[in-house]
Amino acid sequence: LGIRIKDIDLAGKTLTVFGKGGKSRIVGLPERLISVLGAEIAAAEQVYKSDRAAGNPGVSLPNAFARKQPSAATSWQWFWLFPAAKFCDHPVTKERCRYRLHEEGARRAIRSGVAKTDVIKRVTAHTFRHSFATHLLIDGIDLRSVQELLGHSSIKTTEKYVKLARAMRGEIRSPLDKLWD
């Protein structure tokens with residue numbers, strides 16, 4: 001939800017993702033999402049243009065950056081890909097600004113989508129991160145590359161996906177299955 005227009009490179013098919021501790025990493029965009037993201041960018045641009053035409057305040061910025069470059073709040077590249085419908089008061093500066101969509105809206109959308117399927121397990125936004133990592137490993141992507149994509153500082157954190165990937169590939173079988181071989 002925290003994606004800004006400047007973080008997306010449709011031509012290069014990449015997205016810059018910022019994680020904990022200010023770490024950033026670049027991930028590839030799936031071909032199927034290019035047109036969907038293009039439509040989201042166009043929708044965000046309509047909100048941006050409407051805000052500028054009405055003289056509305058800009059978007060919230062990271063604190064240090066807001067002091068260094070206050071004009072960025074009204075620039076297109078710093079606008080949210082998923083802007084909130086309403087303005088709010090910035091928690092630190094108390095100035096009126098446009099923020100991004102709230103996490104609860106995403107949680108509701110995920111719950112609604114899962115309810116329309118036969119999935120009986122608990123699914124959260126983080127489930128997609130785990131699935132991403134596991135499927136990369138199943139597809140033979142090396143552990144170090146997966147570590148970099150996920151932004152893990154320790155390889156130990158990434159290794160937890162290996163066991164699941166092996167089981168899903170069929171490399172690990174229950175000893176009970178051998179009784180019927």
Side-chain angles (χ1 to χ4, degrees), residues 1-45 59-60 62 77-85 99-181:
L1 295 174
I3 299 170
R4 295 183 190 260
I5 299 303
K6 68 177 187 59
D7 302 331
I8 306 163
D9 179 1
L10 291 181
K13 299 178 187 168
T14 61
L15 172 68
T16 302
V17 180
F18 296 90
K20 294 178 187 173
K23 292 183 198 171
S24 68
R25 57 196 175 280
I26 297 175
V27 296
L29 289 172
E31 189 69 41
R32 293 179 134 187
L33 288 187
I34 301 298
S35 62
V36 173
L37 278 172
E40 288 294 334
I41 290 169
E45 189 172 22
V59 296
S60 63
Q77 67 257 27
W78 279 91
F79 202 74
W80 300 107
L81 176 61
F82 304 110
Y99 199 56
R100 59 175 171 72
L101 288 179
H102 195 273
E103 289 88 358
E104 187 53 39
R107 281 193 282 271
R108 268 191 240 114
I110 291 169
R111 279 194 301 267
S112 172
V114 171
K116 295 174 184 172
T117 70
D118 294 331
V119 174
I120 56 172
K121 293 184 177 191
R122 180 174 177 261
V123 177
T124 66
H126 209 71
T127 304
F128 298 114
R129 181 177 166 86
H130 291 297
S131 295
F132 177 74
T134 304
H135 284 278
L136 287 174
L137 291 168
I138 288 170
D139 290 344
I141 304 298
D142 65 282
L143 193 62
R144 180 74 175 107
S145 296
V146 175
Q147 176 192 4
E148 286 178 12
L149 283 170
L150 295 178
H152 292 156
S153 48
S154 169
I155 197 78
K156 295 263 185 236
T157 309
T158 315
E159 286 174 352
K160 65 184 174 186
Y161 299 107
V162 173
K163 205 179 289 184
L164 179 59
R166 283 184 183 143
M168 289 177 72
R169 275 196 301 243
E171 291 176 24
I172 301 173
R173 289 182 56 208
S174 168
L176 291 175
D177 286 336
K178 294 177 184 175
L179 292 174
W180 289 273
D181 284 350

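As the structure is a prediction and not an experimental result, all values here were calculated from the model.
Tested against Thr134 for a side chain to side chain contact (heavy atoms under 4.5 Å, CB included), the candidates Leu136, Leu137, Ile138 yield a single pass: Ile138.
Between Glu148 and Arg25 there is no salt bridge, since none of the side-chain N atoms of the basic residue sits less than 4.0 Å from a carboxylate O of the acidic one.
Rounded to the nearest 0.5 angstrom, Arg4 CZ and Arg100 CZ are separated by 9.5 Å. Expressed to the nearest 0.5 Å, how far CZ of Arg32 lies from CG of Leu37 amounts to 14.0 Å. Atom-to-atom distance recorded for Thr158:OG1 and Leu150:CG is 6.0 Å, nearest 0.5 angstrom. Summarising the geometry, atom CZ belonging to Arg122 is positioned 10.0 Å from atom CZ belonging to Arg111; distances are rounded to the nearest 0.5 Å. Here CD of Glu159 is found 7.5 Å from OG of Ser154. Values are rounded to the nearest 0.5 Å. For the atom pair CG of Asp9 and CD1 of Ile26, the computed distance is 8.5 Å after rounding to the nearest 0.5 Å.
In terms of heavy atoms, Ala106 sits closest to Leu1 at CB-CD1, 4.0 Å. The two atoms that bring Ala44 and Trp80 nearest to each other are CB-O, 3.6 Å, heavy atoms only.
Summarising the local packing, NZ of Lys6 is surrounded by more than 12 heavy atoms from other residues, nucleotides or ligands at distances under 6.0 Å.
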Mind running side chain to side chain contact (heavy atoms under 4.5 Å, CB included) on Leu15 and Asp7 for me, showing each step along the way?
CA-CA 6 Å; Leu15 172 68; Asp7 302 331; 4.2 Å; yes
Item to complete: Give the intermediate values and the outcome of side chain to side chain contact (heavy atoms under 4.5 Å, CB included) for residues Leu29 and Leu10.
Response: CA-CA 8 Å; Leu29 289 172; Leu10 291 181; 4.3 Å; yes
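Ring-plane geometry between His130 and Tyr161 is classed as tilted, the angle between the planes lying from 30 to 60 degrees on a 0 to 90 degree scale.
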